[in-house]
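Reviewing the structure listed below.
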Amino acid sequence: MARKVERNESLSLETLMDLDQSRLAAKEAEGVALSRDRKLVPGQGLEFNNLSYSVMKKQKKDGVWMTKEAYLLNDISGHAVRGEVMAIMGPSGAGKSTFLDALAGRIAQGSLEGSVRIDGKPVTTSYMKMISSYVMQDDQLFPMLTVFETFMFAAEVRLPPSISRSEKKKRVYELLEQLGLQSATHTYIGDEGRRGVSGGERRRVSIGVDIIHKPSLLFLDEPTSGLDSSSAFSVVEKVKEIARGNSIVLMTIHQPSFRIQQLLDRITILARGRLIYLGSPMALSAHLTGFGRPVPEGENGLEYLLDVIKEYDESTVGLEPMVVYQRDGVKPTPAEKTPVRKHKTPLNSYTQTPVSSRAINLTSRGFSIASMTPNEKPSELDSEYYDDEDDDFDKSLERKSNRTPMHKPNSGVYNPRLASHFYKDFSVWVYNGVKGTPNRPPSWTPVRTPLQTPGVTPGATPMRGRNNTSSRYATPQRKKPQHALTPIFTPSLKPYAASYEDLDIEEELDGTDHGPKFANPWLREVVVLSWRTGLNVIRTPELFLSREIVLTVMGLILSSLFKNLHSYEVKIVNKLLNFYIFAVCLVFFSSNDAVPTFIQERFIFIRETSHNAYRASSYVISSLLVYLPFFAVQGFTFAVITWGILQLRSSLMNFWLVLYAALITTNAYVMLVSALVPSYITGYAVVIATTAIFFLMCGFFLKASQIPIYWKWLHYISAIKYPFEALLVNEFKDHTHCYNGSLTDLAAGPLGQFKPSKIHINTTSLQSCPLIGEDVLNTMDIHTESIWRDVGILLAWGVLYRLCFYLVLRFYAKNERK
């Protein structure tokens, strides 16, 4: 049940909407062409209120490193309408991509403050991901799939099984026609090494993959990046058509051409994480005129606004006049209309600051030296406003305090309904009737005098809102200029509350309100993913074909080097040990080429799973199922070549199964490392280093009894230990045939000091024999009775690696800001 919000001079949301509609009507009366083809309805579309996002940055000052809080987003509010395209623009470093990530739920839980609502209701991150799609700036697609196959796979995983395959194909062909890709239907996507579709077509394919299921919200990060003007216009034109299908489209764009600007319905301009303008691009010229900086004749309004932003950003007054004018419609003072460029001044150098610039700076911020308290010395204010060395750090985004918007002063009235993370209601707190903002908490608001602002009672701090403008500029009675364009949904449109009881209790939308989290059951996802992975492997044979060639060639070389291994001579034993350890290491090192392959595929996985295309477990299982036949062929090729040429006495089937299990385990390990490292160079280094440690501790160079106790744990986690032992057991176990020769031939090999087995000692017929197979195992500290124990442990390590690989994909490989 909604509770009434009590506040002096408060206005209802409907009243404020009426006021904004009257302002729009006044604008149209002045001849300003505004986009009115869609009616703005309160509580409809995407609303975002008081979004703030800060990070801790380090800066070196006077030889000392300092950690300070910098705001990448600072109290941004607004509204996006269904059926329209809203472009997010601004200079470099303005926070465009950060803002888009904040709306799309791609900022980690607990890092973002504020509220996001859809159709008037707060939503969870999971719900937002279910009803939206996010097109990244980089086109992450499989190069050896055609455009049709790429769209068909997206349809298979995004659309429920209740839709027949023929209907999915029909939707794919409709999408191809909508995006103008009919001529490229059966063309490979391609990459740097393979010719494929053009850059503009690839960008449209990336968009099509994410709109096949017709999402309610579509986010695009720089969709025109790297495209020529014609291709960029074509892409935005297609995005405009998508929006007309009653979708909410938000995109970041850098330096759009005039033709592209005409396609945009609404624009949001940011600068250093603060909102400078939100509204129709057609009304931008009137907005700048009301601000006192009319667009010169013949100049583009958007480009001119960027120039004005740069001018104010580099001035003593900063961006605050532009932010306040956008938010409250308060015109800048005459001094602020002609901002003075900053002068570098040393910290705490009040007496050295030029009088003119300091006077402008103090008066523009509403300070009076005469009204300062003893605790507000000018040197302290220098630290807050005149430390120009901090400008390169973050300028207006920086707040010289260890507080965050969620850590309120003890003296204020605190609202316990905290928005501790994205998509929760933003907490509201009031101090003596003043709502705090991230840039200036109430406890920092200085006392005013009548000399500063005529008509203001000394000590009073006007409340920020529609009825009472910013405390820096005017009295509560000052009327807002009618010509100042104000965005439809701003922070002050939502009445502020002083306590939890005054807030409306609204049901939060989560995943259960929009059906199942994933469109398809788990088994169907495995089938579809296996189909795509198998198709990619067949069309990209380099990875497995190169490994097959390596194993074949090395098998032939080893067979030519190790001869006569079938004879029963003592000197042959060392050769057998050397052959088997090299065979195992060859299998392990041959799997290292999978590192760059998965790292490239990881980005596609992150893009597809960020909005619930399929489960991480489906991906892990499908990749294993596709690779299993290839591993079997590779292991069998090497086993047949070496076993047949060398005429080994061991079982061929057991030899192949051990190599097969080793390939499965090492592939799982390489995939795990690839999921953890940031680049393939780091991945290679980690895989080679750990494989070398496994090689050293497997029991060939140092037997288990010779390894120091503090390193013995490495012997048991070595993935090479188990296949090596299994191959030796397969060769020497239960072989009581006598090896003839001198035991001195063993001294130079890994056996070292000979230790006869109990079978050799207790068997009378073998007491005259110098060496039997059991002696080799006993001397190598191998006491396994069967190869299946080692094979089982080896596969268990493979399962553990796969499980860790899944956990990394599930919880670590997320495309979100921390």
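These numbers come from the heavy atoms of this one structure, side chains and all, not from hydrogens, waters or symmetry mates.
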Give, for atom CG of D210 and atom CD1 of I242, the distance between the pair rounded to the nearest 0.5 Å. 10.0 Å
Side chains of F151 and L181 in contact at under 4.5 Å (non-hydrogen atoms): yes
Which label fits F598 and F805: parallel for a plane angle under 30°, tilted from 30 to 60°, or perpendicular past 60°? perpendicular
Lys/Arg N to Asp/Glu carboxylate O, D139 vs R203, below 4.0 Å: yes
Find out whether M136 and F219 are in side-chain contact, i.e. whether some heavy atom of one side chain is under 4.5 Å from a heavy atom of the other. no
Parallel, tilted or perpendicular, as decided by the 30° and 60° cut-offs, for the rings of Y619 and F605: tilted
Compare every heavy atom of L159 with every heavy atom of N520, then report the nearest pair and how far apart it is. ND2-O, 3.1 Å
Pairwise distance CG(L51) to CG(N74) - rounded to 0.5 angstrom: 11.0 Å
Option passing side-chain hydrogen bond (donor to acceptor under 3.5 Å, both in side chains) with T252 (candidates T98, D101, D221): D221
When rounded to the nearest 0.5 angstrom, what is the spacing between CG in L275 and CZ in F48? 7.5 Å
Can you confirm whether I107 sits close enough to Y53 that some side-chain heavy atom of one is under 4.5 Å from a side-chain heavy atom of the other? yes
Measure the shortest side-chain to side-chain distance between L263 and V85 over non-hydrogen atoms and say whether it is less than 4.5 angstrom. no
Presence of salt bridge, R82 and D119, under 4.0 angstrom: yes
Between R607 and D138, is the closest basic N to carboxylate O distance under 4.0 Å? no
Are E156 and R165 within salt-bridge range, i.e. N to O under 4.0 Å? yes
Value rounded to 0.5 Å, distance of OG in S52 from CG in L112: 8.0 Å
Minimum heavy-atom distance between M89 and P256, given as atom pair plus value: SD-CG, 3.5 Å
Verdict with reasoning, L179 to E174, per side-chain contact (heavy atoms from CB on, under 4.5 Å): CA-CA 9 Å; L179 296 175; E174 291 175 351; over 6 Å; no
Derivation and outcome, side-chain contact (heavy atoms from CB on, under 4.5 Å), residues S97 and L100: CA-CA 5 Å; S97 296; L100 194 71; 5.5 Å; no
For A613 and E525, the nearest pair of non-hydrogen atoms, with its separation, is O-OE2, 4.2 Å
Heavy-atom count around Y680 OH within 6.0 Å, excluding the residue itself: above 12? no
Using a 6.0 Å cut-off, check whether atom NZ of K168 has over 12 heavy atoms from anything other than its own residue. yes
Other residues, nucleotides and ligands only: do more than 12 of their heavy atoms fall within 6.0 Å of CD on E237? yes
With side chains defined as the heavy atoms from C-beta onward, is the minimum distance between R202 and L141 less than 4.5 Å? yes
Report the C-alpha separation of S530 and T533 in whole Å, then their side-chain angles, then the decisive distance to 0.1 Å, and conclude whether the side-chain hydrogen bond (donor to acceptor under 3.5 Å, both in side chains) test is met. CA-CA 5 Å; S530 299; T533 305; over 6 Å; no
Value for CD1 (I253) from CE (M86), rounded to nearest 0.5 Å, stands at 13.5 Å
So, applying side-chain contact (heavy atoms from CB on, under 4.5 Å) with S133, which one of V209, L217, L218 is it? L218
Which distance, rounded to the nearest 0.5 Å, do you find between the NZ of K57 and the CG of L72? 5.5 Å
Within-4.5 Å side-chain heavy-atom neighbours: R266 and L278: yes
Quick one, R602 and S674 - any side-chain contact, counting heavy atoms below 4.5 Å? no
Does this structure show an ion pair linking K240 with D265, if we count only N-O contacts that are shorter than 4.0 Å? yes
Please confirm whether R106 makes a cation-pi placement over Y134, using NZ or CZ under 6.0 Å from the six-membered ring centre and within 45° of the ring normal. yes
For the pair I621 and L529, evaluate side-chain contact (heavy atoms from CB on, under 4.5 Å) and give the outcome as yes or no after the intermediate values. CA-CA 9 Å; I621 297 300; L529 286 168; over 6 Å; no
With sequence neighbours excluded, tell me which residues meet salt bridge (Lys or Arg N to Asp or Glu O under 4.0 Å) with E222. none
Take T268 and Y277, measure what side-chain contact (heavy atoms from CB on, under 4.5 Å) needs, and give me the verdict at the end. CA-CA 6 Å; T268 299; Y277 177 78; over 6 Å; no
Taking all heavy atoms of R158 and all of E608, pick out the closest pair and write down the distance. NH2-O, 4.1 Å
Identify the two heavy atoms, one from R532 and one from Y614, that lie closest to each other, and give their separation to 0.1 Å. NH2-OH, 3.7 Å
If you measure from the Lys or Arg side-chain nitrogens to the Asp or Glu carboxylate oxygens, is any gap between R274 and E320 under 4.0 Å? yes
Note: R802 and S623 closest approach over all heavy atoms is NH1-OG, 3.5 Å
Non-hydrogen side-chain atoms of I212 and R171 separated by less than 4.5 Å: yes
